[in-house]
Amino acid sequence: MKIAWHGHSCFEVHNGLVVVMDPHDGKSIGIKPPVVKADICLISHDHFDHNCSRIIHGDPTVVREAGEREVKDLTVNGISTFHDEEGGAKRGRNIVFRFEMDGVSFVHLGDLGQELTDEEIASMGRVDVLFIPVGGVFTINSATARRLVERIRPKVAIPMHFQYGGLSITISPVEAFLEGIPEESVLRVGNEIEFSKDELPPQTEFWVFSP
């Protein structure tokens with residue numbers, strides 16, 4: 001099984017079936033566009049740096065709504081949340097997506113802008129790999145992200161939506177989120193990693209991707 005980072009909040013999970021989450025077009029935000037062929041494309045909300053499904057090769061099935069559905073033999077659950085702390089009044093809704101591959105559960109929080117309720121966390125079930133925004137401004141900030149990791153307790157937490165390189169969106173870098181985390185709990189993995197379910201850590205590990 002492989003996870004690859006295509007910049008910003010765009011990740012690919014590949015295990016025969018390829019799922020891409022929140023693709024961007026690259027040029028609109030100052031970074032390279034994703035080059036990937038996928039079977040399924042999940043879009044958390046309709047903002048330009050998360051909704052560029054047209055750039056994905058392979059004619060993927062695009063999912064952008066809340067609710068549970070079967071997509072190419074994969075069960076995808078979309079949980080409706082908000083892009084801000086004012087019930088969507090500022091930036092609208094956001095969909096948290098959950099799916100499983102070979103017994104590994106993945107949750108992508110999209111551009112989450114609120115503190116999740118206990119009920120919303122419970123609706124996710126077990127979370128093995130959590131993709132979580134940490135840059136603030138347009139999403140939750142690093143402190144809220146750390147609290148959510150403690151509440152959700154994934155085996156792996158993957159920070160996303162942070163400032164790096166030529167990214168033209170003014171948000172915070174990942175260092176604030178990582179501050180105080182023991183060095184042995186942080187794994188810097190480049191832009192992709194291969195693993196199996198048996199290799200997942202017993203306690204939360206933070207996988208930090210880089211270009």
Side-chain angles (χ1 to χ4, degrees), residues 1-15 17-65 71-72 74 76 78-79 81 83 91-99 101 104 106-113 127 129-140 145 154 156-174 177 188-195 206-211:
M1 183 175 302
K2 180 180 79 172
I3 299 174
W5 186 44
H6 295 284
H8 201 38
S9 296
C10 182
F11 286 86
E12 165 194 356
V13 177
H14 186 164
N15 193 31
L17 194 73
V18 181
V19 179
V20 170
M21 298 158 279
D22 279 13
H24 55 84
D25 71 351
K27 63 183 178 182
S28 297
I29 56 176
I31 59 176
K32 293 180 180 179
V35 180
V36 60
K37 181 178 180 180
D39 301 293
I40 300 170
C41 178
L42 306 179
I43 294 179
S44 65
H45 65 294
D46 199 26
H47 286 175
F48 70 93
D49 54 333
H50 294 259
N51 69 353
C52 195
S53 59
R54 61 179 170 76
I55 207 165
I56 306 301
H57 301 287
D59 193 26
T61 298
V62 179
V63 181
R64 57 175 79 237
E65 301 87 15
V71 187
K72 298 181 178 177
L74 189 74
V76 177
I79 302 162
T81 58
H83 198 332
R91 289 185 286 272
R93 289 190 172 272
N94 173 74
I95 298 174
V96 169
F97 282 109
R98 182 191 191 277
F99 61 93
M101 280 186 174
V104 178
F106 298 87
V107 170
H108 188 284
L109 294 181
D111 256 10
L112 183 69
V127 180
V129 179
L130 178 70
F131 302 91
I132 184 166
V134 303
V137 185
F138 305 106
T139 68
I140 56 173
V156 174
I158 298 176
M160 63 181 185
H161 206 279
F162 55 82
Q163 181 59 246
Y164 71 96
L167 188 74
S168 59
I169 299 173
T170 305
I171 51 180
S172 298
V174 72
F177 172 74
R188 297 185 183 272
V189 299
N191 67 355
E192 67 176 50
I193 186 171
E194 292 191 20
F195 66 98
F206 297 81
W207 291 0
V208 182
F209 286 70
S210 58

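The basis for the numbers below is simple: all heavy atoms, side chains too, and nothing from hydrogens, waters or symmetry mates.
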Do [X] and [Y] come close enough that some side-chain heavy atom pair is under 4.5 Å?
X      : Y      : result
His14  : Val36  : no
Phe138 : Ile169 : yes
Ile29  : Ser168 : yes
Val208 : Pro159 : yes
Ile140 : Ile132 : yes
Lys37  : Val18  : no
Phe131 : Val13  : yes
Ile31  : His24  : yes

Self-check item: Residues that Asn15 engages under side-chain hydrogen bond (donor to acceptor under 3.5 Å, both in side chains), provided they are two or more places apart
Solution: Asp102
Self-check item: Candidate pair Thr170 and Val137, rule side chain to side chain contact (heavy atoms under 4.5 Å, CB included), full reasoning
Solution: CA-CA 8 Å; Thr170 305; Val137 185; 5.9 Å; no
Practice problem: Check the pair His8, Asp22 against side chain to side chain donor-acceptor pair (under 3.5 Å), reporting the backbone distance first and the verdict last. | Solution: CA-CA 9 Å; His8 201 38; Asp22 279 13; over 6 Å; no
Quiz prompt | Stepwise side chain to side chain contact (heavy atoms under 4.5 Å, CB included) test for Val20 and Cys10 | solution = CA-CA 7 Å; Val20 170; Cys10 182; 3.8 Å; yes
[X] side, atom [atom1]; [Y] side, atom [atom2] - distance, nearest 0.5 Å:
X      : Y      : atom1 : atom2 : answer
Thr81  : Asn94  : OG1   : CG    : 4.0 Å
Ile193 : Ile158 : CD1   : CD1   : 8.0 Å
Met160 : His108 : CE    : NE2   : 3.5 Å
Ile171 : Thr139 : CD1   : OG1   : 7.0 Å
Phe106 : Ile3   : CZ    : CD1   : 5.0 Å
Leu130 : Trp207 : CG    : CH2   : 12.5 Å

Quiz item: Should the ring pair Trp5 and Tyr164 be called parallel, tilted or perpendicular, given that the plane angle runs from 0 to 90° and is split at 30 and 60?
Solution: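 Tilted.
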Practice problem: Just jot down the ring-ring contact (aromatic ring centres under 6.0 Å, His included) partners of Phe209, sequence neighbours excluded, or say none. | Solution: Phe11
Quiz prompt | Which residues share a ring-ring contact (aromatic ring centres under 6.0 Å, His included) with His6, sequence neighbours left out | solution =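 With neighbours one apart ignored, the set is empty.
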Quiz item: What is the minimum heavy-atom distance between Ile55 and Pro23, and which atoms define it?
Solution: CG2-CB, 4.4 Å
Tell me every residue that passes side chain to side chain contact (heavy atoms under 4.5 Å, CB included) with [X], counting only those two or more places apart in sequence or in another chain.
X      : result
Ser53  : Cys41, Ile43, Val62, Arg64
Lys32  : none
Glu194 : Lys2

Quiz prompt | CA sep, side-chain torsions, deciding dist, call: Val156, Phe195, side chain to side chain contact (heavy atoms under 4.5 Å, CB included) | solution = CA-CA 12 Å; Val156 174; Phe195 66 98; over 6 Å; no
Exercise. Verify, without hydrogens or angle tests, whether Lys72 (side chain) and Ile40 (backbone) share a donor-acceptor contact under 3.5 angstrom.
Key: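 Flag not set: sc Lys72 to bb Ile40 has no pair under 3.5 Å.
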